[in-house]
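Not measured: the values here are computed from a predicted model. Residue numbers begin at 1 in each chain, while the letters A, B, ... track the order of the sequences.
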Protein chains: 2
Amino acid sequence: MAERTIASQSLDPCPINPVVDLVFSRWTTPILWVLRHHGRQRFNQIERRLPTISPKVLTQRLRQLERDGLVARTYYAEIPPRVEYEMTELALSLVPVFETLVDWSEAHLHKVEQARRAYDSA
Amino acid sequence: MAERTIASQSLDPCPINPVVDLVFSRWTTPILWVLRHHGRQRFNQIERRLPTISPKVLTQRLRQLERDGLVARTYYAEIPPRVEYEMTELALSLVPVFETLVDWSEAHLHKVEQARRAYDSA
DNA sequence: TACAGTAGGTTCCTAGAGGAAAGTGACCTC
DNA sequence: GAGGTCACTTTCCTCTAGGAACCTACTGTA
């Protein structure tokens with residue numbers, strides 16, 4: 001490992017922080033998961049599939065996902081109004097990321113449980 | 001996370017939530033990133049590389065990572081005391097996950113910026 | 001004598017996320 | 001005319017993660 005100056009030490013950002021803020025902030029992965037596995041969904045459909053989310057927070061998250069280009073919102077000016085949400089192509093490009101995480105969970109998550117039990121008993 | 005019980009699994013089956021809570025909670029990826037790219041590090045070395053973290057929070061995060069089996073802590077009973085932190089094998093198994101995220105960022109993150117500009121100008 | 005380095009611990013406090021519950025408006029049903 | 005549907009919006013409130021500042025014991029150094 002090469003010598004580094006003090007100045008360069010502080011300039012050492014974690015390059016995955018932006019994508020972590022984007023994809024792994026609260027409720028975003030459950031929402032994307034619902035849209036991925038159930039296709040286009042109306043607001044109340046998503047709400048029913050995520051029983052512990054409040055409508056205020058669901059609205060906030062969907063707006064954020066729409067602004068980030070991960071969710072497409074389609075409004076139908078009917079009475080009563082109808083709104084449908086679906087994943088964009090950009091969000092679909094995240095599917096391999098999610099699959100990597102699922103694979104890691106299946107292979108290694110039990111070791112985390114083991115480590116916690118060992119730590120707590122010591 | 002406490003509500004993620006058997007009952008909610010049928011309605012809320014996002015299987016990556018546990019690993020998200022584990023790996024992508026605040027400060028954990030920057031800490032792991034520092035350990036990955038600079039090897040074993042002492043407490044103050046990590047602190048200097050993450051200029052905006054407070055010592056209290058750094059202690060909390062390191063304890064949590066140690067409990068989860070992602071970081072190994074070695075204490076040397078010298079005067080003044082010396083403590084070194086390093087990634088465990090379990091944490092090293094996450095490296096492909098991080099690389100997947102880096103790849104996605106390089107390929108797609110600029111589209112998020114575009115989407116935000118388009119949304120904000122509309 | 002005074003101070004710095006070491007790895008944190010402790011106390012106090014605040015900003016902000018997020019939950020609960022009620023409201024909105026236009027229409028349809030009973 | 002009372003209530004339901006839909007997609008939110010608004011208001012109020014609580015909880016907690018996290019920041020700031022200070023403290024610990026011990027020694028080497030100026």
Side-chain angles (χ1 to χ4, degrees), chain A residues 6 9-10 14 17 20-31 34-35 38-68 71-86 119, chain B residues 1-5 7-8 11-12 14 17 20-31 34-35 38-68 71-86 119:
Chain A
I6 293 175
Q9 278 179 10
S10 56
C14 175
N17 253 345
V20 169
D21 289 342
L22 180 74
V23 182
F24 300 110
S25 57
R26 193 153 147 102
W27 288 117
T28 58
T29 51
I31 291 171
V34 165
L35 294 180
H38 301 282
R40 294 174 65 110
Q41 295 276 297
R42 307 178 62 166
F43 186 91
N44 280 349
Q45 287 178 308
I46 303 173
E47 197 179 1
R48 278 185 222 109
R49 294 191 193 277
L50 302 174
T52 61
I53 199 171
S54 69
K56 186 188 78 169
V57 175
L58 181 55
T59 302
Q60 287 176 346
R61 293 297 138 212
L62 286 171
R63 288 281 185 284
Q64 179 190 319
L65 288 167
E66 189 194 356
R67 179 171 181 266
D68 292 339
V71 158
R73 179 180 188 269
T74 310
Y75 176 79
Y76 300 92
E78 307 168 352
I79 300 292
R82 181 162 59 100
V83 178
E84 288 182 347
Y85 297 91
E86 62 185 326
Y119 184 95
Chain B
M1 188 160 163
E3 291 303 315
R4 194 151 306 285
T5 56
S8 69
L11 282 169
D12 183 13
C14 178
N17 253 342
V20 169
D21 290 341
L22 180 73
V23 182
F24 300 110
S25 57
R26 187 142 199 230
W27 287 117
T28 57
T29 50
I31 291 171
V34 165
L35 293 180
H38 302 283
R40 296 175 64 113
Q41 294 277 298
R42 307 178 64 167
F43 185 91
N44 281 348
Q45 287 177 307
I46 303 172
E47 198 179 359
R48 278 185 222 111
R49 293 191 194 278
L50 302 173
T52 62
I53 199 171
S54 70
K56 187 188 77 168
V57 175
L58 181 55
T59 301
Q60 287 175 345
R61 293 295 140 214
L62 286 171
R63 289 281 185 283
Q64 178 190 321
L65 288 167
E66 189 194 354
R67 178 171 181 267
D68 292 339
V71 158
R73 179 180 188 269
T74 310
Y75 177 78
Y76 299 92
E78 306 169 352
I79 302 288
R82 181 161 61 99
V83 178
E84 287 183 349
Y85 298 90
E86 62 184 328
Y119 185 94

Trainee: Just by distance, with hydrogens left out, do A:R67 and A:Q64 show a side-chain donor and acceptor under 3.5 Å apart?
Mentor: no
Trainee: Please give, in whole Å, the distance from C:dA26 P to A:I79 CD1?
Mentor: 8 Å
Trainee: So, is B:R42 close to the C:dG8 phosphate, meaning a side-chain N or O under 4.0 Å from OP1 or OP2?
Mentor: no
Trainee: Using a heavy-atom cut-off of under 4.0 Å over every strand shown, decide if A:Y76 touches base, sugar-phosphate, or nothing.
Mentor: nothing
Trainee: Is there a side chain to side chain contact (heavy atoms under 4.5 Å, CB included) between A:E47 and A:N44? Walk through the geometry before answering.
Mentor: CA-CA 5 Å; A:E47 197 179 1; A:N44 280 349; 3.1 Å; yes
Trainee: Should the pair B:F43 and B:Y85 be assigned to parallel (<30°), tilted (30 to 60°) or perpendicular (>60°) ring geometry?
Mentor: tilted
Trainee: In this structure, how many angstroms lie between the C1' atom of C:dT24 and the NZ atom of A:K56, rounded?
Mentor: 18 Å
Trainee: Quick one: how far along DNA chain D does chain A reach, first to last nucleotide 5' to 3', anything under 4.0 Å to a heavy atom?
Mentor: D:dT5 to D:dT11
Trainee: If every non-hydrogen atom of B:P30 is compared with every non-hydrogen atom of B:L50, which pair is closest and at what distance?
Mentor: CB-CD2, 3.8 Å
Trainee: Side-chain N or O of B:R48 less than 4.0 angstrom from OP1 or OP2 on C:dG5?
Mentor: no
Trainee: Return whichever of A:Q60 or B:V83 has its heavy-atom-nearest nucleotide of DNA chain C closer to the 5' end.
Mentor: B:V83
Trainee: To the nearest Å, how far apart are B:R63 CZ and C:dG8 C1'?
Mentor: 7 Å
Trainee: For B:R61 versus B:R26, what's the shortest heavy-atom pair and its separation?
Mentor: CD-O, 3.2 Å
Trainee: Would you mind reading off the distance between A:E78 atom CD and C:dC27 atom C1', rounded to a whole angstrom?
Mentor: 12 Å
Trainee: Within this structure, what is the CZ-to-P distance between A:R26 and C:dG16, rounded to whole angstrom?
Mentor: 18 Å
Trainee: Shortest non-hydrogen contact from B:L22 to B:S25?
Mentor: O-OG, 4.1 Å
Trainee: Among A:R42, A:R40, A:Q45, which residue meets the side chain to side chain donor-acceptor pair (under 3.5 Å) test with A:E84?
Mentor: A:R40
Trainee: So, does B:R73 get its side chain near the phosphate of C:dG8, meaning an N or O under 4.0 Å from OP1 or OP2?
Mentor: yes
Trainee: From CG of A:L58 over to C1' of C:dA20, roughly how many Å is that when rounded to an integer?
Mentor: 16 Å
Trainee: Can you tell me how far P of C:dT6 sits from CG of B:L62, to the nearest Å?
Mentor: 16 Å
Trainee: Does B:N44 have a side-chain nitrogen or oxygen under 4.0 Å from the phosphate oxygens OP1 or OP2 of C:dG5?
Mentor: no
